[in-house]
> 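Pasting in a structure now, in structure tokens, and then I'll have a few things to ask.
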2 protein chains.
Amino acid sequence: MGRAASPRPGENQAPTMADVAERAGVSAMTVSRALKEGSRVSKATREKIMAAVNELGYVLDQSAGSLSSRKTGFVAAIVPSINNSNFADTARGITDELESTGLQLLLGYTDYTVEKEERLIEAMLRRRPEGIILTGGAHTDRARRLLESAGIPVVETWELPAKPIDQVVGFSNEEAMGLLVKTLARKGYRKFGYIGGTTSRDTRGSQRREGFVRAIEELGLPPGRLVSFGVPPISIEQGGQAVVSMLERWPDTEAVLCVSDLSAFGALMECKRRGMRVPQDIAIAGFGDYEVAAFCHPGITTVNVDCYGIGREAARRLIQLIRGGEKQRGQEIVLTSYRIVEREST
Amino acid sequence: MGRAASPRPGENQAPTMADVAERAGVSAMTVSRALKEGSRVSKATREKIMAAVNELGYVLDQSAGSLSSRKTGFVAAIVPSINNSNFADTARGITDELESTGLQLLLGYTDYTVEKEERLIEAMLRRRPEGIILTGGAHTDRARRLLESAGIPVVETWELPAKPIDQVVGFSNEEAMGLLVKTLARKGYRKFGYIGGTTSRDTRGSQRREGFVRAIEELGLPPGRLVSFGVPPISIEQGGQAVVSMLERWPDTEAVLCVSDLSAFGALMECKRRGMRVPQDIAIAGFGDYEVAAFCHPGITTVNVDCYGIGREAARRLIQLIRGGEKQRGQEIVLTSYRIVEREST
DNA sequence: GTTAGATATGTTATCGATATCACATCGATC
DNA sequence: GATCGATGTGATATCGATAACATATCTAAC
């Protein structure tokens with residue numbers, strides 16, 4: 001419209017491939033090929049085209065291209081929050097793995113709710129991503145349906161969903177927390193407390209709590225003391241408040257395990273503020289092996305999870321499936337590693 | 001193609017708007033209107049269409065739509081790293097502000113290099129975002145040219161660039177660090193040290209260092225002791241190593257200011273590990289007011305920056321300019337607030 | 001010197017939506 | 001009851017690229 005009205009097309013509009021083609025004295029198709037790696041265009045032609053591209057300041061329009069080629073070059077990833085270094089690491093793993101492929105990441109945050117996840121999934125599917133990476137296995141029914149009918153590979157991460165949609169790259173949060181309990185029990189601790197958020201929105205948090213309770217039972221220890229505090233994800237500050245309420249109610253607690261290192265760090269700092277000795281008066285452990293846990297004083301015992309590796313592996317599988325086309329293998333589950341890191345806090 | 005070969009179109013392919021239209025007994029145009037807010041479609045028609053949409057599991061294809069409407073619904077944002085809670089907060093501010101507008105965020109990381117920024121900018125412009133948010137004012141020449149000829153609003157954040165491209169939402173890192181020096185000088189500290197990264201890749205870091213040096217000069221204090229350690233962004237661990245080298249070289253340093261709270265935290269923990277009293281033996285301050293600075297023990301004096309607000313304000317300006325269309329006002333600079341937060345570490 | 005096969009380039013027809021204009025219908029107003 | 005404006009819907013052209021096929025040119029082999 002604005003273009004048609006103007007006497008000299010392309011005067012004020014952004015240049016198109018046709019403008020470049022005209023300037024270089026070739027067809028649009030040749031320009032398209034010159035701008036795409038791996039297609040054969042003679043050196044002389046390519047140089048003419050590149051010159052025209054630079055003179056006009058042309059930038060390829062991928063939305064037009066992907067409509068035609070039916071490949072958008074997008075991959076979608078949905079994490080609970082990016083303001084959490086564990087998930088930020090996963091996001092970075094995904095980005096790093098995608099970098100060389102030309103695929104671009106669409107990133108979204110759920111704020112730990114499945115409703116927001118559903119909305120995000122729909123918003124992303126409107127962009128026709130070629131694959132999608134999710135965190136966890138809890139989704140609304142509609143979200144599942146949308147994903148199933150999207151016809152693209154799906155990778156669920158960070159958990160082992162009971163009913164996987166497609167691919168899985170994760171670990172058992174329950175087992176990991178159980179291993180932490182057993183490791184500490186071996187050191188002689190018997191009266192355990194657990195600090196986590198108040199709701200089950202954070203499914204990984206719930207799984208860790210279950211793992212805690214189950215391990216205590218299996219070991220035949222006195223029942224674990226559970227403190228729920230704050231809406232997940234719980235902060236450093238809430239970790240501090242939670243440990244206070246734990247100690248008020250059960251002053252003889254010997255070891256407190258926290259749903260994440262952030263709450264553990266909050267608990268640790270609060271104990272120190274109150275003049276308690278860690279681990280002599282109380283032992284504290286976290287989950288996630290955040291940088292802060294390694295370098296605070298005393299260092300916090302925790303469960304190291306390969307956050308970055310989860311992202312990379314999830315993206316790698318997605319790329320394989322996208323590139324592989326028809327010969328997509330069936331559902332597959334990749335277990336990622338975790339390990340207990342013992343530090344001075346226990 | 002595959003479609004044309006199949007006898008019943010739309011059998012295995014994802015349904016298109018035409019399929020929905022056929023099923024609902026209306027034209028594609030009416031479907032398009034029904035799926036777009038604020039266009040007038042009769043209630044009865046809309047219901048028929050929505051039913052067809054649900055039965056077919058149809059999801060709008062925005063790449064096709066944006067080609068036609070010449071609006072992609074994308075906004076691009078480029079930050080140095082998302083594994084840094086300050087920038088993650090800014091990213092969240094942007095997302096939150098965009099949420100109600102239907103605009104979607106394309107997020108990228110530069111890893112603190114202008115070369116990667118340039119590549120990212122080009123990759124994002126291929127998606128034809130309607131606006132773009134950058135961190136800082138340092139860009140390659142080509143990046144500047146690309147941005148200028150893109151014809152979209154640009155917001156530079158987190159600094160006050162000497163030569164702004166378009167809009168700015170930020171603050172003077174130099175001034176902020178200067179204010180921190182002055183605040184501590186008023187408390188009686190005279191022998192100051194500064195810990196930062198080794199290169200100028202992190203322009204905000206360099207500006208803070210300059211602010212430090214200049215404030216010391218202005219106050220007529222003994223020359224500041226500068227320790228450069230590690231490639232920016234420097235980590236908690238590197239902060240610890242840096243403070244060691246600071247103390248070896250200048251054992252009488254009274255107050256150490258760090259380029260960020262993470263390095264300050266590392267320095268603090270290292271000092272405590274060595275049995276030093278903070279702030280009696282040495283005072284430590286950081287920059288950024290990360291959560292860890294507030295809740296560690298002792299709390300770290302720092303400069304609070306409105307990271308989240310920077311994101312929100314940048315996005316708000318962008319939205320105004322996008323929506324405003326032609327009546328775009330000229331370049332504007334929005335100063336965001338910062339303030340010294342004094343805690344026990346000084 | 002002819003021909004097969006590789007290489008380089010052009011032509012045409014889409015991809016799936018929306019802008020735009022045209023048209024039909026309806027109620028209100030005089 | 002004729003006219004006008006508001007409202008709802010459809011037909012058509014198009015957004016800017018690329019797939020697929022066609023064609024031209026070149027190289028090497030005999």
Side-chain angles (χ1 to χ4, degrees), chain A residues 1-6 9-10 13-22 24-49 52-53 56 58-73 102 125-128 130 325, chain B residues 1-6 9-10 13-22 24-49 52-53 56 58-73 102 125-128 130 325:
Chain A
M1 32 152 286
R3 147 159 296 188
S6 126
Q13 302 283 333
T16 72
M17 199 170 260
D19 298 327
V20 175
E22 194 187 2
V26 297
S27 72
M29 195 60 229
T30 304
V31 176
S32 173
R33 282 192 269 252
L35 295 180
K36 177 146 292 179
E37 299 199 2
S39 19
R40 294 145 311 172
V41 172
S42 74
K43 205 178 158 206
T45 309
R46 170 168 271 127
E47 277 166 9
K48 266 192 304 183
I49 290 174
V53 164
L56 293 172
Y58 174 71
V59 176
L60 188 67
D61 185 333
Q62 276 202 69
S63 19
S66 54
L67 179 58
S68 175
S69 67
R70 312 175 65 66
K71 281 184 191 167
T72 57
L125 289 181
R126 280 201 277 266
R127 303 295 186 173
R128 298 290 188 270
E130 301 183 41
Chain B
M1 34 152 291
R3 145 160 299 185
S6 127
Q13 301 284 332
T16 72
M17 199 170 261
D19 298 326
V20 175
E22 195 187 1
V26 297
S27 73
M29 196 59 230
T30 303
V31 176
S32 174
R33 280 192 271 253
L35 294 181
K36 177 145 292 180
E37 298 198 3
S39 18
R40 293 145 312 170
V41 173
S42 74
K43 206 179 158 205
T45 309
R46 170 167 271 125
E47 278 165 8
K48 266 192 305 185
I49 291 173
V53 164
L56 293 172
Y58 175 70
V59 176
L60 188 68
D61 184 333
Q62 276 202 69
S63 18
S66 55
L67 179 59
S68 176
S69 67
R70 311 174 66 66
K71 281 183 191 167
T72 56
L125 290 181
R126 281 200 276 265
R127 302 294 187 173
R128 295 292 188 271
E130 300 183 42

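Just so you know, these numbers come straight off a predicted model, no measurement behind them. First the proteins, then the strands, lettered A, B, ... as listed; each starts at 1.
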> Could you check which of C:dT18, D:dG10, D:dG8 has an atom nearest any side-chain atom of B:S27?
D:dG10
> Look at the side chain of A:S69 and the base of D:dT18, then say whether one donor and one acceptor between them are separated by less than 3.5 Å.
no
> With the side chain of B:L67 defined as its heavy atoms from C-beta on, choose the nearest nucleotide among D:dC15, D:dA17, C:dA19.
D:dC15
> Below 3.5 Å between N/O atoms, which protein atoms pair up with nucleotides 21-26 of chain D? Just atom names and distances, please.
none

> Nearest of C:dT9, D:dG8, C:dA17 to any side-chain atom of B:R40?
D:dG8
> Using the side-chain contact (heavy atoms from CB on, under 4.5 Å) criterion, which residues pair with A:K36? Sequence neighbours excluded.
A:S39
> Is the phosphate of D:dT9, meaning OP1 or OP2, less than 4.0 Å from a side-chain N or O of B:S42?
yes
> B:S32 side chain: which of C:dT18, C:dT9, D:dA17 is closest?
C:dT18
> Out of C:dT18, D:dG16, C:dG16, which has the shortest distance to the side chain of B:A28?
C:dT18
> Does B:T45 reach a base, just sugar-phosphate, or nothing at all? Heavy atoms under 4.0 Å.
sugar-phosphate
> Atom OH of A:Y58 and atom C1' of D:dG16: how far apart are they, to the nearest Å?
7 Å
> Nearest whole angstrom, please: distance from the P of D:dG8 to the CD of B:E47.
14 Å
> Considering just the side-chain nitrogens and oxygens of B:T30, establish if one lies under 4.0 Å of OP1 or OP2 belonging to D:dG10.
yes
> Is there a side chain to side chain contact (heavy atoms under 4.5 Å, CB included) between B:I49 and B:V53 once you walk through the steps?
CA-CA 6 Å; B:I49 291 173; B:V53 164; 4.2 Å; yes
> With no hydrogens and no angle check, do the side chains of B:S27 and B:T30 hold a donor and an acceptor under 3.5 Å apart?
yes
> Taking only the side-chain nitrogens and oxygens of B:R70, find out if one of them lies under 4.0 Å from OP1 or OP2 of D:dG16.
yes
> Between B:S66 and B:S69, does any side-chain donor sit less than 3.5 Å from a side-chain acceptor?
no
> Nearest to the side chain of B:A64 - C:dG10, C:dT7, C:dA17?
C:dA17
